[in-house]
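Working notes, beginning with the structure itself.
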Amino acid sequence: MTVVTALRTDGYSPILVTGGAGFIGANFVLDWCASQDVPVVTLDKLTYAGNLHNLAGLQGDKRHSFVHGDIGDVELVRPLLSKVRPRAIVNFAAESHVDRSILGPEDFITTNIVGTFRLLETVREYWTILAPREKETFRFLHVSTDEVYGSLTSDANPFDEGSPYSPNSPYSASKAASDHLVRAWHHTYGLPVVITNCSNNYGPYQFPEKLIPLMIHHALSGKPLPVYGDGLQVRDWLYVSDHCSAIRAVLRDGQVGHTYAIGGDSEKSNLDVVHAICDALDEERPSGKGSYRRQVTFVPDRPGHDRRYAINAAKIRQTLGWHPRESFESGLRKTVRWYLDNSAWTDNVVAGSYRDWLGQNYSAR
Ligand code: NAD
Ligand code: TYD
């Protein structure tokens, strides 16, 4: 097992962040360390999506410690919990990409379902023997997605905490299963859990297999911008630091056993998103050959493609006073500038196996 010994706690009990070297997890850990005194231990398996460079800003910060490992590895997580004695666990660890889940669902079952189950059991064992006060204040926060609710028609009300589960992809089905396990561990064993279901995130450090960073990377590389189907599928978009502030609010004040739907009130069609990226790049880094919109290419659709996601975030807004700080326009502009300013980060992650992925997902379309 790696480190933990170097962690400086100053008397605070740390939080444990699983999947903290991925896109949202890393943003969460970086934001946390910039704004809180409570130390953080990150546990991450470092799959293709996990990247220690994402946490490079914390090098030398004794309030942060990194452990390389799998949430499903009981022999690693059990002693880790005994040693770190976290006050809370924020579980980001997951396989997270729908297209990968279609081409190879097994990892999704292994991590998102079996891994979450094993983590819950190990955490339950730890939580059961905590002193009464620590036991009461402990939290297991499970980070989930709006995709568990399935697909909306264009005139349907947005999803909220009462929407029935109706997952359609191997990814969303595995996340739905994990949500059910977390809920059951509260209902049956009393584990103090909270669940968040958030819409599509975007921002710094997102792996360029997801729509927004993929389009930025392809545009700048002069490659086609592959829009699935008619491009009129709708997603709600939330800038990643707004998701992180929502998670902090739920961790601090969320009610045990409750679910919180999180969204940016920012529904956009995929084609509108791609056009907005092209327009921002046209201003920030003109290609010299006309608009990047010329690179848009329609390709065959994703199988089982959900048509629309949308979120009604009234509960978290009204009960916890959370609201997003970024509009889609301001968040997208920040994102485009981040990728322009951090081309070395993208160059690093698109080397090697990323090329194999592009071949698998796009050459057959
Ligand atoms: P990501 O794929 O960028 O990162 C996932 C991280 O988990 C990686 O660092 C990876 O190495 C790690 N990991 C994977 N399997 C692991 C295992 N078995 N043990 C330990 N670590 C493991 O994903 P993301 O976009 O940052 O998403 C994080 C969480 O938020 C996921 O649970 C996802 O379902 C959820 N979510 C994502 C979005 C989104 O738009 N990206 C929206 C809502 C919810
Ligand atoms: P993605 O970023 O994979 O997130 P999710 O599937 O979890 O919503 O995709 C967002 C939307 O963009 C989704 O409707 C699929 C579409 N899409 C494309 O049209 N082309 C692409 O190359 C990718 C990766 C996604």
Side-chain angles (χ1 to χ4, degrees), residues 17-29 42-52 54-55 67-73 76-77 90-102 107-108 110-112 114-116 118-119 142-148 151 168-169 171-172 174-175 178-179 196-203 205-215 217-218 224-238 240 243 247 262-263 268-271 273-274 296-302 305-309 311 349 357-358 361-362 365:
V17 175
T18 66
F23 161 49
I24 307 174
N27 276 282
F28 180 82
V29 171
T42 298
L43 169 67
D44 199 293
K45 186 179 173 182
L46 298 181
T47 66
Y48 76 93
N51 184 350
L52 270 183
N54 298 354
L55 299 172
V67 177
H68 183 199
D70 190 320
I71 54 167
D73 183 349
L76 181 138
V77 178
V90 184
N91 182 32
F92 292 96
E95 290 292 336
S96 69
H97 187 33
V98 173
D99 291 317
R100 284 188 194 253
S101 83
I102 294 168
D107 286 347
F108 290 73
T110 305
T111 282
N112 300 0
V114 181
T116 304
R118 294 216 176 111
L119 180 64
H142 181 63
V143 180
S144 192
T145 163
D146 61 356
E147 303 191 27
V148 298
S151 185
N168 291 318
S169 73
Y171 164 65
S172 56
S174 67
K175 288 297 289 185
S178 69
D179 291 10
T196 56
N197 293 93
C198 188
S199 59
N200 284 52
N201 284 214
Y202 65 103
Y205 303 110
Q206 187 167 32
F207 195 80
E209 64 186 357
K210 304 278 171 67
L211 180 71
I212 289 181
L214 182 131
M215 293 298 171
H217 174 56
H218 277 216
L225 307 179
V227 173
Y228 297 166
D230 60 9
L232 300 182
Q233 306 83 3
V234 170
R235 300 290 182 263
D236 172 62
W237 293 94
L238 183 68
V240 63
H243 187 190
I247 292 171
I262 304 169
K268 307 271 171 219
S269 74
N270 292 339
L271 200 52
V273 170
V274 175
V296 169
T297 310
F298 290 90
V299 300
D301 211 349
R302 170 188 279 175
H305 199 170
D306 285 337
R307 197 69 184 161
R308 173 176 169 240
Y309 306 139
I311 281 279
V349 301
W357 164 250
L358 290 185
N361 192 45
Y362 295 96
R365 286 184 189 275

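Every value quoted in this text rests on a predicted model; they were computed, and no experiment measured them. All ligand and atom numbering here is 1-based and tracks the order in the structure.
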What protein heavy atom sits nearest [atom], and how far away is it?
atom                    : result
atom 42 (C) of ligand 1 : S199 O, 3.3 Å
atom 37 (C) of ligand 1 : I24 CD1, 3.4 Å
atom 6 (O) of ligand 2  : R302 NH1, 2.5 Å
atom 14 (O) of ligand 2 : H305 NE2, 2.7 Å
atom 1 (P) of ligand 1  : S96 OG, 3.5 Å
atom 21 (N) of ligand 1 : K45 N, 3.1 Å
atom 11 (O) of ligand 1 : D44 OD1, 2.6 Å
atom 25 (O) of ligand 1 : F23 CD2, 3.6 Å
atom 19 (O) of ligand 2 : Y228 N, 2.9 Å
atom 28 (C) of ligand 1 : F92 O, 3.5 Å
atom 12 (O) of ligand 2 : N270 ND2, 3.4 Å
atom 32 (O) of ligand 1 : K175 NZ, 2.6 Å
atom 22 (O) of ligand 2 : Y362 OH, 2.6 Å

Is there a side-chain contact between [X] and [Y], using heavy atoms and a 4.5 Å cut-off?
X    : Y    : answer
L271 : V296 : yes
L232 : R307 : yes
N51  : V349 : yes

What atoms of ligand 2 come closer than 4.0 angstrom to any heavy atom of [X]?
X    : value
E147 : 5 (P), 7 (O), 8 (O)
P226 : 18 (C), 19 (O), 20 (N), 21 (C), 22 (O)
V227 : 19 (O)
H97  : 3 (O)

Quiz item: Do side-chain atoms of H68 reach the backbone of K45 as a donor and acceptor pair under 3.5 angstrom?
Solution: yes

Quiz item: Any donor and acceptor pair, going by atom type alone, linking the side chain of S144 with main-chain N or O of T196 inside 3.5 Å?
Solution: no

Quiz prompt | Set of residues satisfying side-chain contact (heavy atoms from CB on, under 4.5 Å) with respect to S174, sequence neighbours excluded | solution = F108, N112, I113

Does any N/O atom on [X] come nearer than 3.5 Å to any N/O atom on ligand 2?
X    : result
W237 : no
R235 : yes
K210 : no
E209 : no

Between [X] and ligand 1, which part of the residue brings a heavy atom under 4.0 Å of the ligand: side chain, backbone, both or neither?
X    : answer
N112 : neither
H97  : neither
Y171 : side chain

[X] side, atom [atom1]; [Y] side, atom [atom2] - distance, nearest 0.5 Å:
X    : Y    : atom1 : atom2 : value
Y309 : N200 : OH    : CG    : 7.5 Å
T42  : F28  : OG1   : CZ    : 10.0 Å
T116 : K175 : OG1   : NZ    : 6.5 Å
I262 : C198 : CD1   : SG    : 5.0 Å
I311 : D236 : CD1   : CG    : 7.0 Å
R118 : D73  : CZ    : CG    : 9.0 Å

Quiz item: Purely on distance, is any nitrogen or oxygen of G22 under 3.5 Å from one on ligand 1?
Solution: yes

Self-check item: Exercise: do D146 and S199 side chains pair donor with acceptor under 3.5 Å
Solution: no

Quiz item: Do N27 and N201 get their side chains close enough for a donor-acceptor pair, meaning under 3.5 Å?
Solution: no

Self-check item: R100 and E95 ion-paired at < 4.0 Å
Solution: no

Exercise. Quick one: list whatever passes ring-ring contact (aromatic ring centres under 6.0 Å, His included) with Y48, sequence neighbours left out.
Key: F207

Of the choices [options], which has the non-hydrogen atom that lies closest to [atom]?
atom                    : options             : result
atom 44 (C) of ligand 1 : S144, G19, C198     : S144
atom 13 (N) of ligand 1 : A94, G50, G69, S178 : A94
atom 4 (O) of ligand 2  : I102, N200, L211    : N200

Quiz prompt | L214 contact mode with ligand 2 (heavy-atom cut-off under 4.0 Å) | solution = side chain

Pull out every atom of ligand 1 sitting under 4.0 Å from any heavy atom of [X], numbered as shown with elements.
X    : answer
V143 : 30 (O), 32 (O)
A93  : 7 (O), 20 (C), 21 (N), 22 (C)
A21  : 9 (O)

Quiz item: What is the ring orientation for W237 with Y202, classed by angle as parallel under 30°, tilted 30 to 60°, or perpendicular over 60°?
Solution: perpendicular

Exercise. Mind listing the closest non-hydrogen atom pair of A21 and N54 along with its distance?
Key: O-ND2, 3.0 Å

